[in-house]
Amino acid sequence: MSERLAEWSDVARVDLARYGTTADADEIRDTAVAQPLLVSAGLAAAIALFDDLAKAPDAIDAVAGHSVGEFTAAGIAGVLSPTDAVALVAERGRGMAEAAAATATGMTAILGGDRDEVLAAIETAGLTPANDNGSGQIVAAGTTEQLAAFAENPPARARLRSLSVAGAFHTDHMAPAVRRVRTTADRMRPADARTRLLSNRDGAVVADGQDYLDRLVAQISSPVRWDACTETLIELGVTALIELPPAGTLTGLAKRSMRGVERLAMKTPDDLDAAQRLIAEHAGRPASEPEGAR
């Protein structure tokens, strides 16, 4: 794995081993560092879990990633090689960091409240529902002035939590990053997915590799519909969910939205055996094709 990390560090132009072990929180908060670090951690865990990512389709029925996690998913599903996934997400991180620096923007999580009222309040404030995570959680994004005004007049019965992020990700503020990443993506030759691969755009199962790559690029300035991905996983009849590191957030959401589904958050190498046992117990159970899959 050390050789693989060295290769990924070269294409990302980021010392992933150092940032992943000895760097402090302030150093890895930079989205240009955080994004390739997150994807490399997820891919390293997936390789440890399956030994060979080409074997993943024999063990799992579907793969999905949240926001930057879509690049990890693309590597697992074979749309991009792990090296290309890290290289492209590193360019995404640099592009989004530059776009975020152009205007003072941010993101605020909205917990609870009536969904329709929350969405209406976001629109009225001129904000974007950048993440619709389901389970009563929506993230609004926009300028700091817009977010401040929104905080003064929040939706009824909702709690707000300001997020420590560099900018308004998954909004029009990220348009310059889309153009930058598209240049790099156009030089890549994606393969078709070798297992069911879900898209944050609408929760659809996307088999065509070029379509998924196009979605990856467009998603930089488009809202993440994790709620739709969750609905698709339920329609597929999944019986277990493994979240790759850094893990915990998505399994927490699934606790409320995917009742009856076994969940495991892989946070350290100590969780590897449990993840492999869970796969062995659930692999081969039938999964359906959701209506509207592509």
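None of these values were measured; they are calculated from a predicted model.
The 12-atom threshold is not exceeded at CZ of Arg161, counting heavy atoms of other residues, nucleotides or ligands nearer than 6.0 Å. Counting heavy-atom neighbours within 6.0 Å of Asp172 CG, excluding the residue itself, gives a total of 12 or less.
Between Asp186 and Arg182 a salt bridge is recorded (basic side-chain N to carboxylate O distance below 4.0 Å). Checked for salt-bridge contact, Arg215 and Asp202 meet the test: a charged N lies under 4.0 Å from a carboxylate O. A salt bridge links Asp26 to Arg29: one of the charged nitrogens lies within less than 4.0 Å of a carboxylate oxygen.
Each of Leu147, Thr108, Val139 was checked for a side chain to side chain contact (heavy atoms under 4.5 Å, CB included) with Leu163, and the lone residue meeting it is Val139. For the pairing with Glu91, the side-chain hydrogen bond (donor to acceptor under 3.5 Å, both in side chains) check across Arg180, Gln35, Arg13 returns one residue only, Arg180.
Residue Leu88 holds its CG atom at 10.0 Å from CZ of Arg187, rounded to the nearest 0.5 Å. Atom-to-atom distance recorded for Ser257:OG and Gln137:CD is 10.5 Å, nearest 0.5 angstrom. Expressed to the nearest 0.5 Å, how far CD of Glu98 lies from OG1 of Thr31 amounts to 12.0 Å. The distance from the CG atom of Leu216 to the CD1 atom of Ile220 is 8.5 Å, given to the nearest 0.5 Å.
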Phe150 and Gln146: CA distance, side-chain angles, deciding distance, side chain to side chain contact (heavy atoms under 4.5 Å, CB included) verdict: CA-CA 6 Å; Phe150 184 74; Gln146 289 170 326; over 6 Å; no
From CA spacing to verdict: side chain to side chain contact (heavy atoms under 4.5 Å, CB included), Val39, Val68: CA-CA 7 Å; Val39 171; Val68 72; 3.8 Å; yes
Evaluation steps, side chain to side chain contact (heavy atoms under 4.5 Å, CB included), between Leu236 and Asp61: CA-CA 8 Å; Leu236 284 171; Asp61 292 308; over 6 Å; no
Val14 and Trp8: CA distance, side-chain angles, deciding distance, side chain to side chain contact (heavy atoms under 4.5 Å, CB included) verdict: CA-CA 8 Å; Val14 172; Trp8 293 349; over 6 Å; no
Side-chain donor/acceptor pairs under 3.5 Å, residues 116-123, sequence neighbours excluded:
none

Show me the donor-acceptor pairs, under 3.5 Å and distance only, between side chains in residues 249-256 and residues at least two apart or in other chains.
unit_1 : atom_1 : unit_2 : atom_2 : d
Thr251 : OG1    : Glu243 : OE1    : 3.1
Thr251 : OG1    : Gly248 : O      : 3.1

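A pairwise comparison of heavy atoms in Gln276 and Ala48 identifies NE2-O, 3.8 Å as the closest pair. Of all heavy-atom pairs spanning Ala59 and Ile279, the tightest one is CB-CG2, 3.6 Å. In terms of heavy atoms, Pro246 sits closest to Leu38 at CG-CD2, 3.3 Å. The nearest pair of heavy atoms linking Leu197 to Ala74 is CD1-N, 4.5 Å. Of all the heavy atoms in Leu264 and Asp271, the pair that sits closest is CD2-O, 4.2 Å. When all heavy atoms of Tyr212 and Val206 are compared, the pair lying nearest together is N-CG1, 3.9 Å.
A donor atom on one side chain and an acceptor atom on the other are not found under 3.5 Å apart for Thr232 and Glu235. Of the N and O atoms on the side chains of Thr239 and Glu262, not one donor lies less than 3.5 Å from an acceptor on the other residue. No side-chain N or O of Gln219 forms a donor-acceptor pair with one of His170 less than 3.5 Å apart.
Between the side chain of His173 and the main chain of Ala100, no donor-acceptor pair closer than 3.5 Å is present. Under a 3.5 Å cut-off, the side chain of Ser199 and the backbone N or O of Arg201 do form a donor-acceptor pair. Panel note: side chain Ser81, backbone Asp84; a donor-acceptor pair is recorded below 3.5 Å. Judged purely by atom type and a 3.5 angstrom limit, Thr195 has no side-chain atom pairing as donor or acceptor with the backbone of Pro57. Counting only distance, with no hydrogens or angles, the side chain of Thr268 and the backbone of Asp270 share a donor-acceptor pair below 3.5 Å. At least one donor-acceptor pair closer than 3.5 Å links the side chain of Asn200 to the backbone N or O of Gly65. Here the side chain of Arg194 pairs a donor or acceptor atom with the backbone of Ile76 at under 3.5 angstrom. A donor-acceptor contact shorter than 3.5 Å is absent between the side chain of Asp214 and the backbone of Asp211. With Asp30 contributing its side chain and Ala32 its backbone, the two residues share a donor-acceptor pair below 3.5 Å. Between the side chain of Asp132 and the backbone N or O of Asp227 there is no donor-acceptor pair closer than 3.5 Å.
At a threshold of 4.5 Å between non-hydrogen side-chain atoms, the residues Met258 and Val238 count as touching. With contacts defined as side-chain heavy-atom distances shorter than 4.5 Å, the pair Asn131/Ile138 does not qualify. Taking the side chain as every heavy atom from C-beta outward, Lys267 and Pro245 never approach each other to under 4.5 Å. In this structure, the side chains of Arg4 and Thr83 stay at 4.5 Å or more apart for every pair of heavy atoms. Considering only heavy atoms from C-beta on, Leu198 stays 4.5 Å or farther from Val63 through its side chain. A heavy-atom distance below 4.5 Å is found between the side chains of Ile47 and Leu53.
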